[in-house]
Amino acid sequence: MKSRGTKKGDEPLSKRPHLEPSLPTDPALYSGPFPFYRLPSQLGCFSLDEQRQYHGDARALRYYSPPPTSSQGPNFDLRDGYPDRYQPRDETVQEKLDHLLHWLMEHRGQLEGGPGWLAGATVTWRGHLTKLLTTPYERQEGWQLAASRFQGTLYLSEVETPAARAQRLSRPPHLRELMYMGYKFEQYMCADKPGGSPDPSGEVNTNVAFCSVLRSRLGNHPLLFSGEVDCTDSKAPSPEPPTCYVELKTSKEMHSLGQKRSFYRYKLLKWWAQSFLPGVPNVVAGFRNPEGFISSLKTFPTMKMFEYVRNDREGWNPSVCMNFCAAFLTFAHNTVVQDDPRLVYLFSWEPGGPVTVSEHRDAPYAFLPTWYVDAMSQDLPSPPKTPSPKD
Ligand code: GDP
Ligand code: MG
């Protein structure tokens, strides 16, 4: 990473006393070599059911079941069932990290990595890391991340910005339908059982989710994060998670070179960041026509997405994304020093500016629930005592 305004060459601007600390996001500052990123491994999983209730198993996992390859291509009607067979999740409920914390509370005694691994880690959702990766290139939507340190671990939880809230509350009907269409595509492409067939006659209920919990490391930052997985491919060349997982996306049919360029520059960046983080090897795209039908499918291998912009001066660079994310994690670790689940540092970013920080205590920003703090402060429940040869 290039220097960003150091005094004697060793003291970063963000650490000099009496200056509001901030982190710049200009891509040019992060164009060094690709940083270390540990091969992501799955630690476990959980499911959320039709009522958004947590289950510590894979009951919501679905199975990749693409249509037989025909000369005409698929003809999925993504508008079918809207709005009568749509059960959208209640977006007014801010779940924060709760489901991931539920998993962590139940598995804290069996975590790999040795004693103290969790104390050095950052815990968050994959989607929050995706936003960090794309920040140097994002020109439209800002973000806010709340951060607390507890028992050494750094927790990051997104806060909805006022602009995002205003957009959600005034979402035009055609955007609501477009959101449905993305989920409807998943229903056309997935079966509930291995070897089964999709059933597009049922309801689309977006409360249901299967989440993978992963371990990785970016530079010297151990990571524990969870991400929603669309489906698993029983025929994948590498059948273990996360390499058996498939991400499903829809996008507008492209006709002109200009439409393709902008797809590679903006959409593929988001697809790459989201799937690269958990090590999901393929994104299967369905291209929809103006009438809302999927007319063709194309598989984009995650590790080949950068090739589409490698020679584009206005393209994105994976090194910039990962170096910025690493710099943010260092910045956050250096800012959130006090270990206190009620103390929150709010990191805020708007396009064109640096990441800034403000300090808060308790409501409304504190996000680690008392049930979690209390459980983590208790001794681990000891396993049932089995007689040993000495007894
Ligand atoms: P993604 O990468 O943005 O899809 O998000 P994650 O995979 O990290 O998902 C984290 C959790 O947030 C999962 O329980 C998802 O079901 C949920 N989630 C994903 N997108 C949204 C959203 O737009 N709004 C809300 N409220 N929850 C979401
Ligand atoms: Mg998807």
Side-chain angles (χ1 to χ4, degrees), residues 35-48 54 56 58 60-61 94-108 110-113 116-135 143-159 209-230 232 240-245 247 270-281 283 302 318 321-333 336 347 367-369 372 376:
F36 176 81
Y37 189 65
R38 181 192 191 269
L39 198 66
S41 57
Q42 178 170 280
L43 296 174
C45 66
F46 59 87
S47 295
L48 304 175
Y54 175 98
L61 177 59
Q94 305 284 331
E95 298 174 327
K96 298 173 277 194
L97 298 184
D98 289 7
H99 300 304
L100 171 55
L101 298 179
H102 190 150
W103 183 92
L104 195 45
M105 179 178 76
E106 290 183 345
H107 294 85
R108 67 192 193 277
Q110 303 115 259
L111 283 185
E112 55 177 58
W117 182 84
L118 183 59
T122 298
V123 170
T124 191
W125 287 114
R126 178 271 310 275
H128 302 1
L129 294 173
T130 303
K131 289 196 177 177
L132 288 171
L133 260 62
T134 59
T135 294
W143 49 254
Q144 291 189 311
L145 280 173
S148 291
R149 193 182 289 277
F150 173 54
Q151 295 180 348
T153 308
L154 184 72
Y155 294 85
L156 298 175
S157 179
E158 191 178 21
V159 173
F210 169 78
C211 293
S212 170
V213 181
L214 300 131
R215 172 190 173 185
S216 184
R217 178 160 55 88
L218 173 55
N220 54 0
H221 299 287
L223 301 173
L224 187 155
F225 59 93
S226 177
E228 190 177 346
V229 167
D230 289 336
T232 186
E240 280 83 48
T243 48
C244 54
Y245 293 149
E247 172 67 29
K270 300 206 174 179
W271 292 7
W272 171 80
Q274 186 190 35
S275 287
F276 177 76
L277 282 161
V280 172
V283 177
T302 306
C321 300
M322 298 303 279
N323 285 326
F324 171 74
C325 187
F328 174 82
L329 292 171
T330 299
F331 180 56
H333 271 269
V336 189
F347 294 90
F367 60 87
L368 291 171
Y372 180 75
M376 298 296 276

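Residues take their numbers from the sequence shown, with the count starting at 1.
Nearest heavy-atom pair across Pro281 and Pro242 is CD-O, 3.8 Å. Counting all heavy atoms, side chain and backbone alike, Lys131 lies closest to Thr135 at O-OG1, 2.7 Å. The two residues Ala121 and Thr153 come nearest to each other via the heavy atoms O-CG2, 3.3 Å. Here the closest non-hydrogen pair linking Gln42 and Ser212 is OE1-OG, 2.8 Å. The two atoms that bring Ala58 and Ser47 nearest to each other are C-OG, 3.4 Å, heavy atoms only. Here the shortest heavy-atom pairing between Gly120 and Pro222 reads O-CD, 3.4 Å.
Evaluation of the side-chain hydrogen bond (donor to acceptor under 3.5 Å, both in side chains) test over residues 116-130, restricted to residues two or more places apart or in two chains, returns Thr122-His333. Identified under the side-chain hydrogen bond (donor to acceptor under 3.5 Å, both in side chains) test for residues 270-279, with sequence neighbours left out: Glu138-Lys270, Lys249-Gln274.
Looking at heavy atoms from C-beta onward, Val336 lies out of side-chain contact with Ser148 at the 4.5 angstrom threshold. Looking at heavy atoms from C-beta onward, Leu43 lies out of side-chain contact with Leu214 at the 4.5 angstrom threshold. A 4.5 Å side-chain heavy-atom check between Leu133 and Phe324 finds every atom pair outside the cut-off. You'll find the side chain of Leu118 reaches within 4.5 Å of the side chain of Leu104, heavy atoms only. Within the 4.5 Å cutoff, the side chain of Cys211 has heavy atoms near those of the Ser226 side chain. Counting only heavy atoms from C-beta outward, the side chains of Tyr372 and Tyr155 approach each other to under 4.5 Å. The closest side-chain heavy-atom distance from Asp98 to Pro369 is below 4.5 Å. The closest side-chain heavy-atom distance from Tyr37 to Arg217 is not below 4.5 Å.
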- Arg215 and Glu112: CA distance, side-chain angles, deciding distance, side-chain contact (heavy atoms from CB on, under 4.5 Å) verdict: CA-CA 9 Å; Arg215 172 190 173 185; Glu112 55 177 58; 2.7 Å; yes
- Any chance you could lay out the side-chain contact (heavy atoms from CB on, under 4.5 Å) test for Thr330 and His221, step after step, and finish with the verdict? CA-CA 8 Å; Thr330 299; His221 299 287; 2.9 Å; yes
- Task: Would you please test Val123 and Leu223 for side-chain contact (heavy atoms from CB on, under 4.5 Å) and show each step?
- Result: CA-CA 6 Å; Val123 170; Leu223 301 173; over 6 Å; no
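Considering only residues two or more places apart in sequence or on other chains, Glu228 meets the salt bridge (Lys or Arg N to Asp or Glu O under 4.0 Å) condition with none of them. With sequence neighbours left out, the side-chain hydrogen bond (donor to acceptor under 3.5 Å, both in side chains) criterion links Lys96 to no other residue. A search for side-chain hydrogen bond (donor to acceptor under 3.5 Å, both in side chains) contacts involving Thr243 returns Ser238, not counting sequence neighbours. Partners of Thr302 under the side-chain hydrogen bond (donor to acceptor under 3.5 Å, both in side chains) rule, at least two apart in sequence or in another chain, do not exist in this structure.
Here the CG-CZ distance, from Leu156 to Phe347, works out to 7.5 Å after rounding to the nearest 0.5 Å. With rounding to the nearest 0.5 angstrom, the CG atom of Leu101 is 10.0 Å from the CZ atom of Phe150. Rounding to the nearest 0.5 Å gives a distance of 5.0 Å between SG of Cys325 and CG of Leu132. One finds the CG atom of Leu129 at 12.0 Å from the CZ atom of Phe276 (value rounded to the nearest 0.5 Å). Interatomic distance, Glu95 CD to His102 NE2, rounded to the nearest 0.5 Å: 13.0 Å. A distance of 12.5 Å separates CG in Leu154 from CG in Leu224, rounded to the nearest 0.5 Å.
Between His99 and Trp103, the distance from one ring center to the other does not fall under 6.0 angstrom. The aromatic ring centres of Phe46 and Phe210 sit 6.0 Å or more apart.
Of the possible donor and acceptor atoms, none in the side chain of Glu158 sits under 3.5 Å from a partner among the backbone N and O of Gln144.
Of the candidates His107, Arg108, Glu106, His107 is the only one forming a side chain to side chain contact (heavy atoms under 4.5 Å, CB included) with Gln110.
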